[in-house]
> 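Just passing along the structure, written as structure tokens.
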Amino acid sequence: MAADTSVDIFAKVMENQLLQTAKIMEEQLDAELEKLDKIDEDEMDRLKERRLEALKKAQQQKQEWLSKGHGEYREIPSEREFFQEVKESKNVVCHFYKDSTFRCKILDKHLAVVAKKHVETKFLKLNVEKAPFLCERLRIKVIPTLALVKDGKTKDYIVGFTDLGNTDEFTTETLEWRLGCAGIINYSGNLMEPPFQNQKKYGTQFTMLEKKTIRGKKYDSDSDDD
């Protein structure tokens, strides 16, 4: 009888210890979970703060671009303005055109769309008849020609429509892709997959020129004159 009583007491003691241990572990686990929840909340708050700060900076940058004439496709009256416009903006696309050239009007339509979408880049047009000095220095021989200027230097040219699928019916997306290849806009698509790649009748190769100053050096084009 005494032995049975001792066993019962021992079992009860063990049960109480196990319950106490379980309770302690549960409390510790709850504390850890609460700590993790607090860390997650704090981290989320920090992420929100960083996100808001990034959005604020992006908005400030956008306003600065807009104040410099970005966000629209506009004409400048002469080559004198060209140098000033290029000086104050990091990325500039300038369309050298002639009123009598039909393909310039096609390009105008697409550039007006791209200019609104890519405010990080300034989009201009300049009549070649009003800029003989600049055209001579940049060796502009084919109309239309887009001069892609980065940090005051002519990084690349788009001469005619050869780089745009070699067709008058190229899409705005194709022009975006080509500008993205030059790094003159923030292009979000795949540069390795031009929009016209499945249209076998169109060419897909283009030549990127080495950096040149806007005041001229050599510029040779393999394209035919318009």
Side-chain angles (χ1 to χ4, degrees), residues 65 68-166 168 170 172 174-187 191 205-226:
W65 283 330
K68 294 179 179 179
H70 293 227
E72 60 179 335
Y73 176 51
R74 55 193 173 85
E75 182 166 5
I76 52 177
S78 68
E79 52 197 7
R80 177 180 299 178
E81 284 76 14
F82 174 86
F83 292 105
Q84 181 58 39
E85 295 279 3
V86 165
K87 183 179 180 180
E88 67 181 18
S89 294
K90 181 180 180 65
N91 298 310
V92 179
V93 174
C94 187
H95 175 201
F96 288 86
Y97 81 99
K98 284 180 66 175
D99 285 323
S100 59
T101 304
F102 174 70
R103 284 183 171 177
C104 291
K105 294 178 175 59
I106 296 176
L107 204 51
D108 283 339
K109 178 184 68 174
H110 294 293
L111 287 170
V113 175
V114 178
K116 291 180 180 179
K117 183 177 179 180
H118 292 278
V119 295
E120 72 275 9
T121 302
K122 180 182 289 183
F123 288 83
L124 308 170
K125 60 185 298 188
L126 178 59
N127 191 325
V128 294
E129 296 176 347
K130 297 180 180 179
F133 169 78
L134 186 59
C135 289
E136 180 180 356
R137 292 296 184 181
L138 295 182
R139 305 293 178 89
I140 303 295
K141 297 180 180 180
V142 178
I143 302 300
T145 287
L146 294 182
L148 313 183
V149 185
K150 196 176 191 70
D151 295 322
K153 296 182 178 181
T154 305
K155 180 179 181 180
D156 199 359
Y157 294 92
I158 301 177
V159 182
F161 291 173
T162 303
D163 296 353
L164 304 174
N166 205 26
D168 290 353
F170 68 88
T172 303
T174 297
L175 177 58
E176 280 188 276
W177 165 81
R178 180 61 181 87
L179 294 172
C181 288
I184 208 72
I185 64 170
N186 297 332
Y187 183 69
L191 293 175
Q205 295 184 343
F206 64 88
T207 301
M208 184 173 288
L209 305 180
E210 296 298 326
K211 291 184 179 179
K212 300 173 175 59
T213 63
I214 59 176
R215 292 193 175 276
K217 306 262 175 142
K218 292 185 177 179
Y219 167 56
D220 298 319
S221 171
D222 293 331
S223 301
D224 294 332
D225 288 345
D226 196 86

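In what follows, residues are counted from 1 in the order of the sequence shown. The analysis underlying the following values was restricted to heavy atoms, covering all of them including side chains, and did not include hydrogens, waters or symmetry mates.
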> Please name the pair of heavy atoms, one in Arg103 and one in Pro144, separated by the smallest distance, quoted to 0.1 Å.
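Reported closest heavy-atom pair: CB-CD, 3.9 Å.
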
> I'd like to know whether CZ of Arg74 has more than 12 heavy-atom contacts from other residues, nucleotides or ligands below 6.0 angstrom.
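Yes.
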
> Please tell me if the side chains of Glu129 and Asp99 come closer than 4.5 Å, counting only heavy atoms from C-beta onward.
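No. Closest side-chain heavy atoms not under 4.5 Å.
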
> NE2/His95 to CZ/Phe123 distance, rounded to the nearest 0.5 angstrom?
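Interatomic distance, His95 NE2 to Phe123 CZ, rounded to 0.5 Å: 12.5 Å.
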
> Out of curiosity, Leu126 CG to Tyr97 OH, how far, rounded to the nearest 0.5 Å?
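The distance works out to 7.5 Å.
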
> Given the rule in the side-chain contact (heavy atoms from CB on, under 4.5 Å) test, do Val86 and Leu124 qualify, once you have shown the distances and angles that lead to the verdict?
CA-CA 10 Å; Val86 165; Leu124 308 170; 5.6 Å; no

> If the condition is side chain to side chain donor-acceptor pair (under 3.5 Å), which residues does Glu81 pass it with, not counting sequence neighbours?
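Glu81 satisfies side chain to side chain donor-acceptor pair (under 3.5 Å) with Ser78 only.
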
> Mind checking the CG-CD1 spacing from Leu111 to Ile106? Nearest 0.5 Å is all I need.
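Between Leu111 CG and Ile106 CD1, I get 12.0 Å after rounding to 0.5 Å.
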
> With Lys90, which residues qualify under side chain to side chain donor-acceptor pair (under 3.5 Å), at least two apart?
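Lys90 satisfies side chain to side chain donor-acceptor pair (under 3.5 Å) with Asp151 once adjacent residues are dropped.
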
> Does any part of the side chain of Leu107, heavy atoms only, come nearer than 4.5 Å to the side chain of Phe161, both counted from C-beta?
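Yes, at least one pair of side-chain atoms sits under 4.5 Å.
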
> I want to check something: taking the side chain as every heavy atom from C-beta on, are Arg178 and Asp156 in contact at a cut-off of under 4.5 Å?
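They are in contact (side-chain heavy atoms under 4.5 Å apart), so the answer is yes.
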
> How close do Ile158 and Leu175 get, counting heavy atoms only, and between which atoms?
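Heavy-atom minimum between the residues: CD1-CD1, 4.3 Å.
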
> Which residue pairs satisfy the salt bridge (charged side-chain N to carboxylate O under 4.0 Å, His left out) criterion with at least one member in residues 111-127, sequence neighbours excluded?
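Qualifying pairs, neighbours excluded: Glu85-Lys122, Glu88-Lys122, Asp108-Lys125, Lys117-Glu176.
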
> Measuring from atom CG of Asn91 to atom CG of Leu148, what distance do you get when rounded to the nearest 0.5 angstrom?
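Spacing of CG (Asn91) from CG (Leu148) equals 9.5 Å.
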
> Holding to salt bridge (charged side-chain N to carboxylate O under 4.0 Å, His left out), I want the full list of residues that pass it with Lys68, two or more places apart in sequence or in another chain.
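Only Glu64 meet the salt bridge (charged side-chain N to carboxylate O under 4.0 Å, His left out) criterion with Lys68.
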
> Can you name the closest pair of heavy atoms from Glu72 and Ala115 and give their distance?
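What the structure gives for the nearest pair is C-CB, 3.7 Å.
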
> Considering only heavy atoms from C-beta outward, does the side chain of Cys104 approach that of Ile143 to under 4.5 Å?
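Cys104 vs Ile143: side chains touch.
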
> Not counting sequence neighbours, which residues clear ring pair (Phe, Tyr, Trp, His ring centres under 6.0 Å) with Phe96? List them please.
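Phe96 satisfies ring pair (Phe, Tyr, Trp, His ring centres under 6.0 Å) with no other residue.
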
> Evaluate the side-chain contact (heavy atoms from CB on, under 4.5 Å) criterion for residues Val128 and Thr145: first the C-alpha distance (whole Å), next the side-chain angles of each, then the deciding distance (0.1 Å), finally the verdict.
CA-CA 10 Å; Val128 294; Thr145 287; over 6 Å; no

> Report the distance from atom CG of Leu134 to atom CD of Glu79, rounding to the nearest 0.5 Å.
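Rounded to the nearest 0.5 Å, the CG-CD separation comes out at 5.5 Å.
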
> Would you give the length of the straight line joining atom OH of Tyr157 to atom CG of Leu146, rounded to the nearest 0.5 angstrom?
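If we round to the nearest 0.5 Å, Tyr157:OH and Leu146:CG are 11.5 Å apart.
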
> If the condition is ring pair (Phe, Tyr, Trp, His ring centres under 6.0 Å), which residues does His110 pass it with, not counting sequence neighbours?
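Per chain and number, His110 pairs via ring pair (Phe, Tyr, Trp, His ring centres under 6.0 Å) with Phe170.
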
